[in-house]
Amino acid sequence: MCGIVGYVGRRQAYGILIKGLHRLEYRGYDSAGVALINKAGNLNIYKAKGKVSELEAFAADKDITGTIGIAHTRWATHGEPSTINAHPHYSESEQLAIIHNGIIENYAVLKQGLEQEGYTFKSDTDTEVLVQLIEYTQLNQGTDTKTAVQLALQQVVGAYAIAVLDKRHPDTIVAARKGSPLVVGIGDDEFFLASDATPIVEYTDRVIYIEDEEVVTLRAKSKEQVAQTQMKKEQDSESLIDITTINNVQKTPEIKRLEMSLSQLEKCGYPHFMLKEIYEQPRTLADSMRGRINMQQDNIALSGFIDNKDRFLNAKRIIITACGTSWHAGLIAMYAIEEFAQIPVEVEYSSEFRYRKPVINKDDVVVAISQSGETADTLAAIQLAKAKGAFIFSICNVVGASIPRLSDSGCYTHVGPEIGVASTKAFTAQVIALTMLALCIGKAKKTISNEKYLHIVRELGQIPNKMSLVLEQDRKLAEFAKTFTYAQNFIYLGRGYNYPVAMEGALKLKEISYIHAEGYPAAEMKHGPIALISQEMPVVVVAPHCGTYEKVVSNIQEIKARKGRVIAIVSEGDEVVKNIADYTIEVPSTEECLTPLLTVVPLQLLAYHIAVVKGCDVDQPRNLAKSVTVE
Ligand code: AGP
């Protein structure tokens with residue numbers, strides 16, 4: 001997701017816009033830009049790759065005057081992070097400038113039509129297509145900017161929050177939204193516009209939340225403009241806010257009062273980024289499947305796989321290399337790829353793989369998993385594999401990061417910036433991406449039945465809603481958490497697809513509450529850890545009703561027989577485990593290969609609440625970094 005900011009009014013815009021971009025940098029920061037209209041009526045655009053500070057350095061010696069402007073900090077979706085792909089984008093005539101947060105799914109079709117009309121494009125972005133479409137509409141239908149925006153958006157499929165400047169109207173911003181947030185701040189003869197209220201809150205507490213498919217026109221004049229207008233005895237010297245639908249139905253602005261602090265606003269009201277990101281998962285999972293799973297045709301289309309199908313079909317082995325939580329996602333993928341694609345899989349800790357002189361063959365496929373795309377050990381691991389001729393496929397969340405740039409192909413998870421050091425939404429999106437990859441390979445190799453494939457694809461479509469049901473048990477987990485803060489040690493157990501979930505749950509607890517925890521295959525308990533069972537060491541057992549469920553029930557009974565305390569994650573309606581375990585959390589039933597997406601959520605919440613009760617710094621735990629870019 002990107003951050004957008006706009007200002008029009010009596011003050012110089014640049015300082016307000018830059019400060020607003022800094023407030024929104026948590027939304028994305030791979031490039032930034034600003035568009036300003038100065039007193040002479042020039043529409044100036046300045047853009048830079050990297051953080052907002054790079055833009056400030058670039059614009060330091062430029063003409064940054066003007067009482068109207070729009071600005072953008074980017075989280076790349078279409079087109080690598082670069083100055084050319086950074087927003088704002090000019091229209092062909094350079095009369096218009098646009099910024100955009102969202103994804104235009106039918107941009108390719110729109111672009112083709114505009115190219116046939118002679119339009120050319122400088123960037124790889126879907127956003128530039130939109131500003132050209134607005135200009136094309138304006139010129140061909142002789143409309144004003146607002147009407148051109150309305151008509152253009154009627155042709156758009158996808159999500160957008162946009163702001164448009166027209167140099168011929170240096171007192172007016174036209175903005176619109178659908179699926180991406182947009183807030184207007186009302187000042188005295190000045191208006192503010194942003195993706196959320198954080199850039200606005202220090203100037204005004206009067207806001208309007210723009211609704212889907214609404215177009216808002218903001219007009220405010222500088223002192224000079226008011227004087228000129230009055231001199232010409234023109235009528236429109238007053239500030240104006242006008243809201244219509246994209247079909248030009250007039251709407252009445254509903255002004256609300258902001259009641260949150262700046263810090264709270266960046267977390268959208270959540271106490272921590274980690275909790276916000278846990279709750280974002282139903283949406284981020286839907287985002288990671290959007291445009292890749294066609295629910296009408298029951299089909300998965302992963303472009304990174306389709307373009308390289310033979311490499312996967314001819315692979316004798318798939319090596320998965322990652323660290324930490326990403327390694328846990330890789331372990332889940334091992335079960336899915338071997339079950340559905342019947343290709344041998346090895347899952348390697350990148351730090352070990354890069355140094356142990358591994359045997360790597362040219363027909364190996366190496367899958368690198370990394371949220372940040374900058375983890376030093378994983379980067380080194382794929383450098384080694386690439387040098388030995390293997391095909392590199394990466395699953396990453398940061399477009400244009402080092403690991404995807406070094407890879408031959410890949411799949412972005414598109415969950416937006418993950419700010420909490422403890423990875424949550426990136427992990428579940430990694431599991432979705434890897435499951436889709438396993439299904440694509442299995443379908444192409446005909447090693448999965450069509451019936452099984454269809455059933456899993458349809459069940460994938462249900463996961464976001466089922467995950468929302470799990471999140472409804474947050475309060476129950478918060479209560480549990482108060483019971484277990486005494487513990488010095490936890491053990492987490494699971495089998496099959498849920499053995500990696502047990503490891504992930506243990507890591508979540510360790511890294512944010514500083515309580516020691518180990519994840520183990522449930523059957524391994526009898527080979528040592530059972531000696532540790534006591535009242536003092538809670539045991540978390542991931543026991544959905546699938547796979548080797550009966551064996552897991554036996555493991556729980558073995559723990560209870562030794563006075564252990566058990567927290568069990570079970571399928572809805574499971575009365576068996578409920579009668580044995582001390583505490584149970586129910587999750588909806590689903591396909592076994594998809595159970596990790598649901599069973600991990602209670603473990604994320606349990607770790608979060610225990611850490612909060614213990615007063616730990618949840619978003620920035622001691623000694624940790626969000627991206628380990630050193631060995
Ligand atoms: C997970 O909660 C941790 N923050 C850590 O284990 C992380 O998964 C690991 O450092 C790998 O990071 P990456 O996915 O960015 O490569």
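Counting convention: from 1, in listed order, for ligands and their atoms alike. Note that the coordinates shown come from a computational prediction; the quantities given were computed from them, not determined experimentally. Nothing fancy with the numbering, it's 1 onward along the sequence.
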What residue and heavy atom of the protein are closest to [atom], and at what distance?
atom                    : value
atom 4 (N) of ligand 1  : V421 O, 2.8 Å
atom 9 (C) of ligand 1  : C323 O, 3.9 Å
atom 15 (O) of ligand 1 : S372 OG, 2.7 Å
atom 16 (O) of ligand 1 : T375 OG1, 2.5 Å
atom 10 (O) of ligand 1 : V628 CG2, 4.0 Å
atom 8 (O) of ligand 1  : T325 N, 3.1 Å
atom 14 (O) of ligand 1 : S326 OG, 2.6 Å

Pairs flagged by ring pair (Phe, Tyr, Trp, His ring centres under 6.0 Å) wherever residues 417-437 is involved - sequence neighbours left out: none
Quick one: which ligand 1 atoms are inside 4.0 Å of a heavy atom on [X]?
X    : value
S423 : 1 (C), 2 (O)
S370 : 13 (P), 14 (O), 15 (O), 16 (O)
A422 : 2 (O)
E511 : 1 (C), 2 (O), 3 (C), 4 (N)

Looking only at N/O atoms, are [X] and ligand 1 under 3.5 Å apart anywhere?
X    : value
I369 : no
K508 : yes
T378 : no

Consider only side-chain N and O atoms of [X] and [Y], and report whether a donor and an acceptor are under 3.5 Å apart.
X    : Y    : value
T375 : D377 : no
H516 : N489 : yes
D307 : S409 : no
S394 : S407 : yes
H609 : D474 : yes

Pairs satisfying salt bridge (charged side-chain N to carboxylate O under 4.0 Å, His left out), at least one member in residues 314-327, at least two apart: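 Listed once each, the pairs are K316-D363, R317-E346, R317-D364.
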Parallel, tilted or perpendicular, as decided by the 30° and 60° cut-offs, for the rings of H272 and Y608: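 Perpendicular, since the angle between the ring planes exceeds 60°.
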Side chain to side chain, K425 and E418, heavy atoms closer than 4.5 Å: yes
